[in-house]
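Structure first, then comments.
Values below: every heavy atom of this structure, side chains too, minus hydrogens, waters and symmetry copies.
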Amino acid sequence: MKRILEEQFGINAIKVERLSGLDNANYLVETLTEKYIFKTYPASENALSLVEAENKALLFLQNEGQRNIQTPIPSKNQSYTAIVTINGQEYICRMLSYLEGKFLVDVPHTKKLFQTFGKFLAQLDQKFQQFTDYRVAARKLKWDIQYLNLSKKYLDSIPDKKDRSVVHYYFKQYEENVVPVLHELRTSVIHNDANELNVLVAEEEVSGIIDFGDMADTFLINELAIAITYACYDKEDPLKWASILIKSYHEILPLQEIELEALYYLIAARLCISVCISANAREINGNNEYAFVSEKYAWQMLYRWLAINPIAAENCFRQAAGYPIKNPPRVDKIMEKRYEHTSSILSVSYDKPIYMAGAAFQYMYDAYGNTYLDAYNNIPHVGHCHPRVVEAGQRQMAKLNTNTRYLYDSLNEYAEKLLSKFPDSLNKVYFVNSGSAATDLALRMANVHTGNEKIMVLEHGYHGNTRAAIDASYYKFNNPKGSGKKDHILVAPIPDTYRGKYTNDNGSAGKSYGEEACKLIENSATPIGAFICEPIIGCGGQVPLAKGYLKHVYPAIRNQGGICIDDEVQVGFGRVGNHYWGYEAQEVVPDMIILGKPMANGHPMGAVVCTSEISASFEKGVEFFSSFGGNPVSCAIALSVLEVIDEENLQENAKIVGDYYKSLLLGLQKKYPCIGDVRGSGLYLGVEIVKDKSMDDDTNLAHYIKNELRNRHILISTDGPYDSVLKTKPPLRFSKDDALKTVEQLEEILKIHYKNKVV
């Protein structure tokens with residue numbers, strides 16, 4: 001190497017040290033009086049062209065007065081590049097001056113440092129706006145955010161599928177929020193890689209920048225997007241630090257509002273590029289540590305970024321640049337508008353209703369910039385706006401959507417995949433639009449099959465909003481405003497081992513409750529056509545059926561000619577953790593199963609799964625038809641939900657996180673006498689709030705807790721006969737950290753409650 005330096009550049013090196021690099025080799029060269037950076041690149045026509053373009057840019061910037069960059073050193077023949085042979089292979093080489101300074105990664109970060117960083121980049125970009133080079137403009141660089149799509153091919157290289165879905169989510173967000181405004185974003189040549197190992201610092205100020213190898217003709221705002229990405233990816237409050245960079249940059253080179261609107265998504269895009277390229281590099285060469293130097297922090301910031309409401313980010317950026325923030329209408333105005341066209345009987349959650357604007361996985365974003373941790377909504381089963389689900393719907397909607405009188409593949413594919421989740425006896429499926437419609441159809445089918453219209457239900461059960469479903473829903477018909485129990489309805493006591501008369505949940509309570517139900521069946525004046533219940537009674541206050549209860553009731557129903565209907569609308573698809581379906585915990589197999597809510601992640605879809613015998617009976621009657629039940633789009637979306645549950649191991653996550661979550665809640669129960677019971681399974685839990693050291697419900701305290709958690713941006717709800725049970729049933733992406741945060745905030749609220757109570 002020393003010989004090459006002497007022959008090509010006339011430099012007598014006393015020391016040559018190899019430095020890190022991703023696509024090329026870099027060397028620190030020392031003489032008795034000077035230091036240089038020597039760079040080599042595998043020889044090719046394209047590489048030579050780009051190296052020459054980089055030299056041209058450095059010389060241009062220096063002519064424009066930019067003094068904090070490296071200077072190309074001419075060779076003996078006055079060229080800024082040379083071709084050399086090393087170990088029998090040709091390389092392009094060049095020499096650059098050496099810049100003193102510490103790397104940004106190695107110094108404490110201060111407000112002053114970030115201010116100088118923003119100004120430095122703005123001054124650099126001001127000069128770059130006058131620079132053009134066809135070679136830079138023509139290149140499509142995978143690190144250039146405008147070519148985010150080039151990294152899509154690396155998605156499958158990300159080993160953890162939950163991580164992969166976050167990256168996929170931001171790919172979709174880029175398509176939705178950046179692509180439509182690309183034509184409005186200013187373009188310029190920029191450095192394009194102001195990362196923590198390229199930015200130099202001296203005495204709390206940015207003193208220079210190195211490595212123009214990723215220079216690109218791209219969106220001007222990308223310079224800041226990249227700088228923010230790497231300067232803030234280890235920060236707990238990245239927006240605070242980003243605003244310093246934006247403000248100082250804007251003072252030198254004013255930013256446009258449209259650029260600030262896109263910035264949140266551009267930062268996310270750069271993070272996605274980083275983790276995608278790192279994942280691909282690990283597959284190719286797992287030993288190249290330079291390729292992974294930023295990977296840990298990139299993932300950390302990507303998840304932190306997900307918890308930031310995009311509206312909050314944009315408003316922060318706008319304030320930093322001196323633009324007014326966006327102010328949506330007040331909640332009371334939205335409520336007024338709502339009730340202009342709908343009825344107040346359509347209720348809203350919380351004392352202070354929330355005006356939502358977006359969501360992602362376990363987060364919901366309101367229109368004012370707040371992020372809510374969703375520990376409540378079980379309908380977005382695999383997570384809000386999951387990209388696989390969104391993409392499945394978009395793709396199928398763009399291709400075909402019609403009714404079930406036509407043949408199409410998605411119905412057959414989904415039906416086969418869904419039925420594979422059940423025992424062989426449950427081998428027929430009817431698709432409808434909701435869990436309520438499924439209940440209605442199931443009861444109709446039961447009546448046809450058995451010839452008996454009598455239905456046995458459980459206290460506090462709820463099965464939907466159709467007339468037939470309400471008649472079978474104790475929660476509705478027994479309400480003071482309800483229509484009362486119909487003659488064809490038989491009500492069995494809820495097998496509750498907390499409030500009921502049998503409390504030993506070792507099987508003995510289930511047997512005793514089962515025997516009571518059997519007596520009701522025996523004493524019924526007419527045969528019971530169907531028995532319908534949930535494995536965990538949701539509106540009853542998340543009450544699990546006593547152990548073994550159904551093993552006693554199901555045979556009694558069947559012995560007198562009835563069928564057993566299992567309502568999995570709230571607890572199915574892996575939510576209970578230990579099992580894919582809630583009924584499995586009772587060690588029984590139903591005759592019919594009702595599905596809905598999470599089936600298509602919020603897209604309206606429901607189903608009845610039954611035996612071939614029940615289906616055959618129904619087929620003798622009038623034709624069944626649903627205009628939208630099982631349409632191609634619904635089936636494609638629902639199929640993607642099943643795939644995500646399996647691929648991301650969400651049932652296992654429900655088990656692991658649910659057990660942890662429940663253990664934290666049980667720990668609180670030992671400390672606070674207002675917690676009477678903690679129950680449920682997986683990510684379907686209930687916390688019964690009582691008056692201290694009693695069994696008396698405390699509805700007021702339950703409501704206070706619910707609303708205080710809402711004010712702390714955590715969503716749960718209340719339910720039960722007295723609305724005194726906290727219910728939490730989050731998307732299955734819920735993590736241990738999310739569970740801990742929820743319980744920590746719950747404890748803070750209880751501490752305040754007891755402190756005020758003492759006072």
Checklist entry - Does Tyr583 offer a backbone N or O that forms a donor-acceptor pair with the side chain of Glu568 under 3.5 Å? => result yes
Next on the checklist: Side chains of His463 and Ile565, heavy atoms from C-beta outward: is any pair under 4.5 Å?
Outcome noted: no
Next on the checklist: For Lys454, is the NZ atom crowded, meaning more than 12 foreign heavy atoms sit under 6.0 Å from it?
Outcome noted: yes
Item to check | Basic-acidic side-chain contact under 4.0 Å: Lys161, Glu643 | outcome: no
Checklist entry - If you measure from the Lys or Arg side-chain nitrogens to the Asp or Glu carboxylate oxygens, is any gap between Lys741 and Asp737 under 4.0 Å? => result no
Next on the checklist: Do Arg575 and Pro730 have side chains that approach each other closer than 4.5 Å (heavy atoms only, starting at C-beta)?
Outcome noted: yes
Next on the checklist: Taking CG in Asp424 as the centre, count heavy atoms belonging to other residues, nucleotides or ligands within less than 6.0 Å. Is the count above 12?
Outcome noted: no
Next on the checklist: Testing the basics here: between Ala472 and Phe477, what is the closest heavy-atom pair and its distance to 0.1 Å?
Outcome noted: C-CE2, 4.3 Å
Checklist entry - Can you check side-chain contact (heavy atoms from CB on, under 4.5 Å) on Tyr462 and Val569, steps first, answer last? => result CA-CA 10 Å; Tyr462 173 69; Val569 168; over 6 Å; no
Checklist entry - Does Gln669 use its side chain to pair, donor to acceptor, with the backbone of Gly676 at less than 3.5 Å? => result yes
Item to check | Ionic contact status for Lys421 with Asp646, cut-off 4.0 Å | outcome: yes
Checklist entry - What's the shortest heavy-atom distance between Ser634 and His603, and which atoms? => result OG-NE2, 2.8 Å
Next on the checklist: Heavy-atom count check: over 12 atoms from other residues, nucleotides or ligands less than 6.0 Å from Lys399 NZ?
Outcome noted: no
Next on the checklist: Are Gln745 and Leu709 packed together at the side-chain level, in the sense that at least one heavy-atom pair is separated by less than 4.5 angstrom?
Outcome noted: yes
Item to check | Close side-chain approach of Asp566 to Gln586, heavy-atom, < 4.5 Å | outcome: no
Checklist entry - If only atom types and distance count, is the side chain of Ser615 paired as donor or acceptor with the main-chain N or O of Ser612 below 3.5 Å? => result no
Item to check | 4.5 Å side-chain heavy-atom contact, His449 and Phe618 | outcome: no
Next on the checklist: For a quick test of reading the model, state the closest non-hydrogen atom pair linking Val432 to Ser626 and the distance between them.
Outcome noted: CA-OG, 4.3 Å
Checklist entry - Where do Gly464 and Ser473 come nearest, in terms of heavy atoms and distance? => result N-OG, 3.9 Å
Item to check | Arg444 with Asp440: basic N within carboxylate O range, under 4.0 Å | outcome: no
Checklist entry - Got a second to check how far Thr450's OG1 is from Ile528's CD1, nearest 0.5 Å? => result 10.5 Å
Checklist entry - Which distance, rounded to the nearest 0.5 Å, do you find between the CD1 of Ile705 and the NE2 of His703? => result 10.5 Å
Item to check | Interatomic spacing from CZ in Arg499 to OH in Tyr722 - rounded to 0.5 Å | outcome: 7.0 Å
Checklist entry - Could you walk me through whether Phe734 and Leu373 pass the side-chain contact (heavy atoms from CB on, under 4.5 Å) check? => result CA-CA 9 Å; Phe734 211 66; Leu373 176 61; 3.9 Å; yes
Next on the checklist: Taking atom CZ as the centre, does Phe628 end up with more than 12 heavy-atom neighbours from other residues, nucleotides or ligands that are less than 6.0 angstrom away?
Outcome noted: no
Checklist entry - To the nearest 0.5 Å, what is the distance between OH (Tyr430) and SG (Cys610)? => result 5.5 Å
Checklist entry - For Lys511, does the NZ atom have more than 12 heavy-atom neighbours from other residues, nucleotides or ligands under 6.0 Å away? => result no
Item to check | Separation of Asp719 CG from Leu726 CG (nearest 0.5 Å) | outcome: 10.5 Å
Item to check | Leu419 side chain near Leu426 side chain, heavy-atom distance below 4.5 Å | outcome: no
Checklist entry - Within the distance-only criterion (no hydrogens, no angle test), does the side chain of Asp677 pair as donor or acceptor with the backbone N or O of Glu688 below 3.5 angstrom? => result no
Item to check | Thr699 side-chain N/O to Ser724 backbone N/O, donor-acceptor pair under 3.5 Å | outcome: no
Checklist entry - Does the side chain of Met599 come within less than 4.5 Å of Leu418's, by heavy atoms? => result yes
Item to check | Charged N-O contact under 4.0 Å between Lys501 and Glu516 | outcome: yes
